[in-house]
Amino acid sequence: MTHSPSVMNDSFARRVQEWYDGNARDLPWRRGGVSPWAVLVSEVMLQQTPVARVIPTWESWRQRWPRPAALAADSPGEAVRAWGRLGYPRRALRLHQAATAIVDGHGGEVPASYLDLLSLPGIGGYTAAAVATFGFGTRHAVLDTNVRRVYARVFDGVADARTAAPSRAELAVALERVPLTEPAHYSVAVMELGAVVCAARAPRCDSCPVASDCAWLAKGAPPAPSARRPQVFAGTDRQVRGRLLSVLRESPADVIVKPDLDVVWEDPDQRERALAALIADGLVVDLGDNRYRLPS
DNA sequence: AATTCGTGGCA
DNA sequence: TTGCCAAGAAT
C-alpha cells in the first residue's frame, strides 16, 4: 500500500528545489558530464570530510583514474598515496577494492542497482543511495546527516536526528518524501539546504525557504540536549596511525625502514600497536627485516 | 549498539 | 586557545 504525498510534502519539495536552483554551490561533481564512477569517488571522499578539502583531491583522481579499470590496474598503495590528507585512509583502500570488484563483477561499469552498489567495499546505505540517485537518476532515500537534520527540524520539531543509524522506518518515510519526478534534483537540494542553511551549529533560518513550515523554528528552535561525548584525538591510536601512514605516503621511496617510522611517536607500545593495526588493515605491508611499504 | 577509523579549519 | 565537527562504513 502506497501513500500519496501530502500537500505539505509537495510544497516542501517544490520550495527546496526552487531554492536550490537559485542558491546551490557550484561543486565540480554536480556539473554535467560527470560519470557515475566520478560520482562514486566523490561520495566516498565526502564521507566525513569537508567539501573544500575534497575538491582538489577529487579533481586529481578524476584525471588519473577516469574509469574503475584504471584504478584497479594501479596498486592499492598508489590509491593510499593519492588520498593525501583526506583522513580515514581505509576509504582509499576500499575504493581500490570497489574498482576491482566493478571490473571483475560488473564489466568495468559502475552498477546502477542499489543492492549491487551496497555490496561494494566501502559503500554503505547512504553512499549506495547517493550513487544510484546522483549517478543514475533513480529514486532512493538519500539520508545523510544533513537530510536527517533537515527532516528532524522541519517535520519532527527537534534539533537533530537520532545518532543511531537510520531505522527501516526512517528510511521508508524518507523515501516517501522523494518526489516521483526529478528525484536527484530533490535529494541534492535537501542536502544542500542542510549543508548551507539548516546547518548544525548556526542555522540561517532567516534565509530558509521552508522556515514557515518548520516545526522546530515554530517552537523557537530549541537546541539539542548536548549529550555527545567529546571526540578526543590527541594522543589516540588514531593520531599515531595518521603519523605513521603519513611517513609512508609522503616518502619518495617505496620502502621505509623502521627507524623512520619510530621517530613519529615516543611511546613504543602505542607505536607498535598502531603499526600492527595499519598492517592488519592492509594499509601497510611488513616486508620483514624492519622494512615497510604501502601495499603494492 | 557502541566503537573505531584522520584531518584541519573555524567560532 | 580549543572544543567542535564535516555528504559514513565496518565491526
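As the structure is a prediction and not an experimental result, all values here were calculated from the model. We name chains A, B, ... by the order of the sequence lines, and we start the count at 1 in each one.
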Among residues at least two apart in sequence or on other chains, which ones pass side-chain contact (heavy atoms from CB on, under 4.5 Å) with Pro50(A)?
Arg53(A)

Nucleic acid contacts of residues 125-135 of chain A, taken as heavy-atom distances under 4.0 Å to DNA chain C:
Gly125(A), Tyr126(A), Thr127(A)

Could you list who else is in Leu287(A)'s hydrophobic cluster, with ILVMFWY side chains joined at under 4.5 Å, directly or through other members?
Val255(A), Val285(A)

Using side-chain contact (heavy atoms from CB on, under 4.5 Å) as the criterion, list what pairs up with Ala129(A), not counting sequence neighbours.
Tyr114(A), His140(A), Val142(A)

Run the ring pair (Phe, Tyr, Trp, His ring centres under 6.0 Å) test against Trp19(A) and tell me which residues pass, sequence neighbours left out.
none

Sorted by chain and residue number, the salt bridge (charged side-chain N to carboxylate O under 4.0 Å, His left out) partners of Arg291(A) (sequence neighbours excluded) come out as none

Name all residues meeting the ring pair (Phe, Tyr, Trp, His ring centres under 6.0 Å) criterion together with Trp265(A); count only those two or more places apart in sequence or in a different chain, and write none if there are none.
none

Once side-chain contact (heavy atoms from CB on, under 4.5 Å) is applied, do any residues pair with Pro222(A), and if so which ones, sequence neighbours excluded?
Trp216(A), Lys219(A)

With a 4.0 Å heavy-atom cut-off, tell me which residues in residues 141-153 of chain A come close to DNA chain C, sorted by residue number.
Asp144(A), Thr145(A), Asn146(A)

Heavy atoms within less than 4.0 Å of DNA chain C: which residues of residues 41-50 of chain A have one? Give them sorted by number.
Glu43(A), Leu46(A), Gln47(A), Gln48(A), Pro50(A)

Considering only nitrogen or oxygen atoms on both sides, find all protein atoms under 3.5 Å from nucleotides 9-11 of chain B and state each distance.
none

Spacing of the P atoms in dG8(B) and dA9(C) (rounded, Å):
23 Å

Could you list the residues that satisfy ring pair (Phe, Tyr, Trp, His ring centres under 6.0 Å) with Trp61(A), not counting sequence neighbours?
Trp65(A), Trp83(A)

